Amino acid sequence: GILTTQEGLALEEPPPLALGLKVTLEGLSGDIINSVAAARDWTVGQLKDTLGSRHEVRLLLPSEATELRDEQHLSSLLVEDATHLLLRLLRVDPRW
């Protein structure tokens with residue numbers, strides 16, 4: 001669609017995900033578990049909170065074996081203006 005400013009300038013409406021992010025979560029086997037909408041400025045901890053208890057969820061980049069830290073921003077994991085992020089989700093016993 002087209003948006004019009006107060007000055008009468010026509011602007012192209014951004015695509016629905018331009019301001020947001022689609023996060024796809026895969027399991028250890030690579031099967032897709034879930035997809036969630038997130039804000040680019042969320043932290044990993046905020047994303048975990050939408051998935052359940054922060055202490056029961058571990059998130060990793062599929063290409064790396066290190067766990068993402070709760071204070072990391074999702075935008076820091078993206079390549080430029082990407083609107084999609086693939087993460088590996090592991091659920092653990094909170095007693096660990």
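Remember, it's a predicted structure, so these values are computed and weren't measured experimentally.
Inter-residue side-chain proximity for Leu89 and Asn34 is flagged as unmet; no heavy-atom pair is nearer than 4.5 Å. You'll find the side chain of Val44 reaches within 4.5 Å of the side chain of Leu74, heavy atoms only. The shortest side-chain heavy-atom distance between Thr83 and Lys22 does not fall under the 4.5 Å cut-off. Here the side chains of Leu51 and Leu25 are in contact, with some heavy-atom distance below 4.5 Å.
A salt bridge between Arg91 and Glu56 is absent, with no side-chain N of the basic residue lying under 4.0 Å from a carboxylate O of the acidic one.
Rounding to the nearest 0.5 Å gives a distance of 4.0 Å between NZ of Lys48 and CG of Asp70. Ile33 contributes atom CD1, which lies 9.0 Å from atom CG of Leu28 (distance to the nearest 0.5 angstrom). From Arg40, atom CZ reaches atom CG of Leu85 across 9.5 Å, with rounding to the nearest 0.5 Å. Here the CZ-CD distance, from Arg88 to Glu64, works out to 11.5 Å after rounding to the nearest 0.5 Å.
When all heavy atoms of Leu61 and Leu86 are compared, the closest pair comes out as CD2-O, 4.2 Å. Between Ala82 and Leu21, the closest heavy-atom pair is O-CD1, 4.2 Å. A pairwise comparison of heavy atoms in Leu87 and Pro62 identifies CA-CD, 4.1 Å as the closest pair.
No continuous path of ILVMFWY side-chain contacts below 4.5 Å connects Leu47 to Leu90, so the two sit in separate hydrophobic clusters.
For Asp41, the CG atom is densely surrounded, since the number of other residues' heavy atoms within 6.0 Å is greater than 12.
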